A.B. asks: 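Dropping a structure here in structure tokens format, bear with me for questions.
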Number of protein chains: 2
Amino acid sequence: MTRISEIAKICNVSKTTVSRVLNNHPYVSKEKREQILKVMEELDYAPSSLARNFRTNKTQTIAISVPSFDHPFFAQLVKGVSLAALENDYKVLIFQTFYDAKNELDVMGKLKNREVDGVILGALENEWNVIKPYLKYGPILLCNEYHHSASIPIIGYDEFEATYKAVNHLIEKGHRKIGFCYDTSYSQAQGQRKEGFLKALADHDLLHNDDWIFGHGFSIEDGFRICDEIVKLKEKPTALFTGNDQVAAGIIKKATALGYKIPECLAIVGYDNQSICQVTTPTITTIDIPIMELGQRTVIELIKYLNEDLKLKRDIIKLPTELKIREST
Amino acid sequence: MTRISEIAKICNVSKTTVSRVLNNHPYVSKEKREQILKVMEELDYAPSSLARNFRTNKTQTIAISVPSFDHPFFAQLVKGVSLAALENDYKVLIFQTFYDAKNELDVMGKLKNREVDGVILGALENEWNVIKPYLKYGPILLCNEYHHSASIPIIGYDEFEATYKAVNHLIEKGHRKIGFCYDTSYSQAQGQRKEGFLKALADHDLLHNDDWIFGHGFSIEDGFRICDEIVKLKEKPTALFTGNDQVAAGIIKKATALGYKIPECLAIVGYDNQSICQVTTPTITTIDIPIMELGQRTVIELIKYLNEDLKLKRDIIKLPTELKIREST
DNA sequence: GTGAAAGCGCTAACAC
DNA sequence: GTGTTAGCGCTTTCAC
């Protein structure tokens, strides 16, 4: 491997001068700079980022932690994160928690021992007081999840309003018996959705029914299962907020197979506006989330803190959402 | 930040001894080891991986390069890679090429300047002779793509055989006019599929028709477009190998909307066995690929080269595939 | 404009 | 079992 010292020797200058060229410092004479650059080229020199990182105490790397990578929502989020990071000369290290708090803590450990400069949490598995102590090691930002008191930037969208819009749409379509699906009960974002759901019902003097609340809604298979549960109910909802396009697709598929007409017997609203919404029959009414932008914006914020060495502070950033009406309602 | 020297001073030992404890070396007395561990705990010490990496000249990081992250195939591949890497104490840096050779070359640059220890290519955008010189900086493995001469491990599955099986299935169903979709023409894996397709036709004395070959098949939207193209043909195929479940789903949706019966008017075979296959109407016959295993296996191979410092050699590893027959054929 | 020298935090010969 | 010492490749004072 070529080192800075070799270049220096060949060019008859000090390592300092070579380093200056490497870092685009001024105060290097034009001739020397050009000669050094030429020799670097000839020797196929590449500075060791291992040494640079060590010296500058920076990794130029951020970590993104998400529950699982192959969920289309998180895949898109990571795409956005990766895009914005590379544009700003940061690398992205990926971690999956599989909804396990321990794995999330492992990521925090990587912040502590300087494997990454900052962390983006795409969910929150631990109690906030478990995460909080790690703030002294570097910035941590929350994206796509909410916390009522965490003293960090939270980049998301108005879950309450989005859900309210969706449920209100169902009510306007004449539904009075409306169900609700969520994924994990400890998510405060999911809590906000629930509030939006309840508020929409209350504003129209509708009651909710606990039998119409379904948990653990992540995947198509969960949609199948939830459909089975609905079918078994004596009193069935006529409309459903699914919180997730995969779940919506699963319910639609299974219900149709069982002979239930969608949306006539059961109207379905998804969430996220994934591409799957376009290929089911009927197509899925959903909430469009600017997922890529969510990821990109979070990186921009993170880098702001990284570069300016600002003290992290609570900052709620909400991106807009939009109700996309299709055939399932 | 606490450093090793502080621990050493407090414990009245040398840095070496502390380092030995850190690295689980033998030959440290039980008492000292325990005392050192205790002090580390008390001071909340975490070794700087920046310093360790620099010292050992290892990043404990591998790069995975894929065209785009939010394609379900690559999302799953990355999931497998991430899983296996973490299990072996390696971190994963992700890069998207967006089918641009320059971006792929940037990843190679990160190998050169020691930002990663090795690279997994989930596709191949550059000519092999452009990639090859980077082998001197670290191992590069090819996954899910093929190259006829590259001197590196290639982890994939038998694209020829998988396609042959799928097309043969269509022929057995009585089809004689069969079309073929591909994504990029420069991919040798896609070339192998084409050969499998042609072989299956030839084995049954069927001719192929250039009008029934469709390129740039990546997404649902491409499926819509290809369907439009088919509809315009005077002589239409009665069956189609789509090479991709998204494309299959798009074609099915669009064709159905236009009044064509699937599979009666047009039989469709997908590829990858993504979850979308279960929610379209009809459900999609496809080729099941062990995608996660593909990613995991590639990491295992890569780490073997990393740990044992072996010379990289050409090694074709093929995982099994399976034809999944559903309603679209 | 340029260079000498120190040092980032850790690991690994080598000596004892 | 333990310590001494050197040094990984680079950046950064500071002096000239």
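As the structure is a computational prediction, the values presented were derived from the model and not from experiment. Proteins get letters first, then strands, A, B, ... in listed order; numbering begins at 1 in each.
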A.B. asks: Find the distance Ile4(A):CD1 to dG7(C):P and express it as a whole number of Å.
C.D. replies: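 From Ile4(A) CD1 to dG7(C) P: 19 Å.
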A.B. asks: Counting the atoms with a prime plus P, OP1 and OP2 as sugar-phosphate, which does Ser29(A) contact under 4.0 Å by heavy atoms, base, sugar-phosphate, or nothing?
C.D. replies: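 Result for Ser29(A) = sugar-phosphate.
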A.B. asks: Once you apply a heavy-atom cut-off of 4.0 Å, does Asn12(B) come out as touching a base, just sugar-phosphate, or nothing?
C.D. replies: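 Sugar-phosphate: the residue Asn12(B), judged by heavy atoms under 4.0 Å, touches backbone atoms but no base.
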A.B. asks: Nearest to the side chain of Tyr27(A) - dT2(C), dG9(D), dT11(D)?
C.D. replies: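 Closest nucleotide to the Tyr27(A) side chain: dT2(C).
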A.B. asks: Heavy-atom count around Glu127(B) CD within 6.0 Å, excluding the residue itself: above 12?
C.D. replies: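 No, not enclosed.
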A.B. asks: Heavy atoms only, 4.0 Å cut-off, all strands: where does Asn23(B) land among base, sugar-phosphate and nothing?
C.D. replies: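 Answer is sugar-phosphate: Asn23(B) comes under 4.0 Å of backbone atoms only.
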A.B. asks: Taking for each residue the nucleotide of DNA chain C with the nearest heavy atom, is it Arg55(A) or Arg55(B) whose nucleotide lies nearer the 5' end?
C.D. replies: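 Between the two, 5'-proximity favours Arg55(A).
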A.B. asks: Which nucleotide in the list dG9(D), dG3(C), dA6(C) gets nearest to the side chain of Lys15(A)?
C.D. replies: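 Closest of the options to the side chain of Lys15(A): dA6(C).
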A.B. asks: For Gln60(B) and dT11(C), what is the distance between atoms CD and P respectively, to the nearest whole Å?
C.D. replies: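 My rounded result for the distance is 12 Å.
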A.B. asks: Would you indicate which nucleotide in dG9(D), dT11(D), dT2(D) comes nearest to any side-chain atom of Thr56(A)?
C.D. replies: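 Closest nucleotide among those given: dT11(D).
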A.B. asks: Can you establish whether the number of heavy atoms outside Glu41(B) located under 6.0 Å from its atom CD is more than 12?
C.D. replies: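 Atom CD in Glu41(B) is not packed in, count stays at 12 or less.
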A.B. asks: Strictly below 4.0 Å, N to O, side chains only: are Lys30(B) and Glu34(B) in salt-bridge contact?
C.D. replies: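 Here Lys30(B) pairs with Glu34(B) in a salt bridge, since their nearest N and O are under 4.0 Å apart.
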A.B. asks: Going by side chain to side chain contact (heavy atoms under 4.5 Å, CB included), Tyr90(B) matches just one of Val299(B), Val81(B), Leu306(B). Which one?
C.D. replies: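 Of the listed options, the one satisfying the test is Leu306(B).
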A.B. asks: Students often get this wrong, so: under 4.0 angstrom with heavy atoms, is Pro47(A) touching a base, only sugar-phosphate, or nothing?
C.D. replies: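 Sugar-phosphate contact only.
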A.B. asks: Nearest of dC8(D), dA13(C), dC10(C) to any side-chain atom of Thr16(B)?
C.D. replies: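 For Thr16(B), the side-chain atoms sit closest to dA13(C).
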